[in-house]
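Heads up, the thing below is written out as structure tokens.
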Amino acid sequence: MNDTSPQAPQGLDGASGFIASEEDAGKRLDAVMAAKLEGLSRNRVQALIKGGEVQVNGKTVEEPKHKVHEGDRLSLTMPEPEDPEPQGEDIPLDIVYEDDALIVIDKPAGLVVHPGAGNWTGTLVNALIAHCGDSLSGIGGVKRPGIVHRLDKDTSGLLVVAKTDIAHQGLSEQFADHGRTGPLERAYLALVWGGPGALRGTIEANLARSESNRQKMTVVRKGGREAITHWQVIERFGPVDQPPLASLMECRLETGRTHQIRVHMAHIGLPLIGDQVYGAGFKTKANPLPEPLRSAVLEFPRQALHAGVLAFEHPVSGETLYFESEMPEDFATLLEALRKF
């Protein structure tokens, strides 16, 4: 952000606010604030208002054309400045494959893919910039150089990143096609609570942002984006004469929406073990379990989801590349504890 902090105009009441004068009465909020606060353009003031950074008499107002009254106390909270261009950081990478066009990474759980709110450093992008240097510059956008798909922070597994514009275009087209006409393949291992009656199936349920929590996705009957997940049961856990306590499942994506597997599995009553967003209500299922399984479940630090298979057509050579990733130690430890139950 290039704007400087607002300077105190005449009539200032505090470091970032002022009392509206008789002259301000009847005017638009954005016009009054832009006139009084030096260093901020009207467009910038409008963006700050819409972003919930402006208060009138202590209440947030998000409408730039709000009419000001004499005596109104107008205040502005300037957001923290953000570096719009991520910098390279020396972060270890588990590189599965690399050539001049692309790089395949086995991402550990806990690593954010690209910079965003609350995670401007320490991301996969920061690591890639340091590793690849200027070759990533401008490919796919400043904050997402080379990224054609992503994994959630706490999902582990395989991820491909483009190193050239040609590779970025070719990979992006494959992911947009969802593998329907090409060799693109994405398979995940998931440990879920419970188990389905069938051995395999398909979930077709559109997804959209939750209206009550914009950080979450939800299944919607109308609108949203098409989302299709194919699943099959690999292993069930628990006494044979009772419904499964948990299951190891393979989920294959036909589409790639945000949180798709996590939302879809919760939608059919099989939330991922450890998912604090979509399966938090199931955490109590661990309480009656015997040790050491109880501790293994309660101490598992993330959703039990691992991107174990990734295949695609090389965007330059045309060769089909296929990669498999072994389940990480935390996933394997939880799986072993379930097998002993």
Side-chain angles (χ1 to χ4, degrees), residues 94 106-113 150-159 186-201 203 205 207 210 213 215-219 229-253 258-309 324-341:
D94 185 353
D106 198 342
K107 187 188 85 67
L111 180 63
V112 175
V113 171
R150 52 165 286 186
L151 297 176
D152 294 339
K153 172 185 176 182
D154 289 326
T155 297
S156 55
L158 297 166
L159 187 89
R186 289 173 290 171
Y188 294 70
L189 289 176
L191 283 168
V192 305
W193 286 114
L199 292 178
R200 58 178 49 85
I203 306 168
L207 301 180
S210 168
N213 182 347
Q215 302 301 313
K216 295 178 60 175
M217 305 298 292
T218 188
V219 169
T229 303
H230 305 285
W231 57 264
Q232 65 174 342
V233 177
I234 299 176
E235 195 171 350
R236 302 178 192 269
F237 310 104
V240 294
D241 58 342
Q242 297 180 20
L245 167 71
S247 301
L248 175 64
M249 303 181 69
E250 180 187 77
C251 297
R252 291 181 175 264
L253 294 179
T258 300
H259 300 175
Q260 179 174 317
I261 293 174
R262 298 166 63 190
V263 180
H264 271 177
M265 298 314 292
H267 177 64
I268 62 172
L270 307 174
L272 272 62
I273 294 176
D275 194 332
Q276 297 302 310
V277 177
Y278 301 104
F282 280 70
K283 191 173 183 179
T284 56
K285 290 177 70 71
N287 292 334
L289 297 177
E291 294 291 354
L293 178 58
R294 179 179 182 275
S295 294
V297 172
L298 292 176
E299 294 172 6
F300 194 73
R302 63 185 181 99
Q303 65 263 8
L305 187 63
H306 177 67
V309 173
E324 288 190 21
S325 166
E326 293 185 3
M327 64 181 67
E329 183 178 354
D330 64 343
F331 196 108
T333 298
L334 178 59
L335 177 60
E336 187 61 25
L338 286 166
R339 283 173 173 163
K340 292 180 178 179
F341 176 61

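- Residues M265 and I203 form a side-chain contact, since some pair of their non-hydrogen atoms from C-beta on lies under 4.5 Å apart.
- Here the side chains of P328 and S156 are in contact, with some heavy-atom distance below 4.5 Å.
- For the pair N213 (side chain) and Q215 (backbone), a donor-acceptor distance under 3.5 Å is present.
- Under a cut-off of 6.0 angstrom, the local environment of CD in Q232 is crowded, with over 12 non-hydrogen atoms contributed by other residues, nucleotides or ligands.
- Side-chain N or O atoms of T333 include one that pairs as donor or acceptor with a backbone N or O of E329 at under 3.5 Å.
- Judged as a salt bridge (Lys or Arg N to Asp or Glu O under 4.0 Å), the pairs with a partner in residues 267-276 (not counting sequence neighbours) are, in order, R262-D275.
- Counting heavy atoms from C-beta outward, Q303 and D152 have side chains that approach closer than 4.5 Å.
- Partners of R186 under the side-chain hydrogen bond (donor to acceptor under 3.5 Å, both in side chains) rule, at least two apart in sequence or in another chain, do not exist in this structure.
- Taking all atoms of both residues into account, the shortest heavy-atom contact from T229 to C251 is CG2-CB, 4.0 Å.
- You'll find the side chain of V309 stays beyond 4.5 Å of the side chain of L158, heavy atoms only.
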Throw together a table of side-chain donor-acceptor distances under 3.5 angstrom for residues 278-289, partners on residues two or more places apart or in other chains.
from: Y278; atom 1: OH; to: M217; atom 2: N; distance (Å): 2.8
from: Y278; atom 1: OH; to: H259; atom 2: ND1; distance (Å): 2.7

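- Of all the heavy atoms in Y188 and T155, the pair that sits closest is CE2-CG2, 4.4 Å.
- When every heavy atom of P244 is checked against every heavy atom of R236, the shortest pair comes out as CG-NH1, 3.8 Å.
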Audit row: I273, V192, side chain to side chain contact (heavy atoms under 4.5 Å, CB included) steps and yes/no: CA-CA 5 Å; I273 294 176; V192 305; 5.8 Å; no
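- In this structure, the side chains of L191 and L334 come closer than 4.5 Å at one or more pairs of heavy atoms.
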Stepwise side chain to side chain contact (heavy atoms under 4.5 Å, CB included) check, L111 with K153: CA-CA 5 Å; L111 180 63; K153 172 185 176 182; over 6 Å; no
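- For E235, the salt bridge (charged side-chain N to carboxylate O under 4.0 Å, His left out) partners at least two apart in sequence or on another chain are R339.
- Within the model, atoms CG of L293 and CG of L298 stand 9.0 Å from one another, a figure rounded to the nearest 0.5 Å.
- Taking every heavy atom of both residues into account, S210 and T218 meet most closely at CA-CG2, 3.9 Å.
- The two residues P239 and F341 make their nearest non-hydrogen contact at CD-CE2, 3.7 Å.
- Distance CD1/I234 to CG/L248: 4.5 Å, rounded to 0.5 Å.
- Side-chain atoms of S325 and H306 form a donor-acceptor pair, as typed in the model, at a separation below 3.5 Å.
- Counting heavy atoms from C-beta on, the side chains of P196 and V233 come closer than 4.5 Å.
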Steps toward side chain to side chain contact (heavy atoms under 4.5 Å, CB included) verdict (L207, H264): CA-CA 9 Å; L207 301 180; H264 271 177; 4.1 Å; yes
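- L199 CG to S247 OG: the interatomic distance, rounded to the nearest 0.5 Å, is 10.0 Å.
- Across all non-hydrogen atoms, the minimal contact from A246 to L338 is CB-CD2, 4.1 Å.
- Note that the CE atom of M249 and the CD1 atom of I261 stand 10.5 Å from one another [nearest 0.5 Å].
- Between atom OG1 of residue T258 and atom NZ of residue K216 there is a gap of 14.5 Å, rounded to the nearest 0.5 Å.
- A salt bridge (Lys or Arg N to Asp or Glu O under 4.0 Å) check over residues 300-309, counting only residues at least two apart or in different chains, returns the pairs R302-D330.
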Check against side chain to side chain contact (heavy atoms under 4.5 Å, CB included), W193 and L270: CA-CA 5 Å; W193 286 114; L270 307 174; over 6 Å; no
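- The structure places CH2 of W231 at 15.5 Å from CG of L253, a figure rounded to the nearest 0.5 Å.
- Scanning for salt bridge (charged side-chain N to carboxylate O under 4.0 Å, His left out) contacts around R294 gives E291, with sequence neighbours left out.
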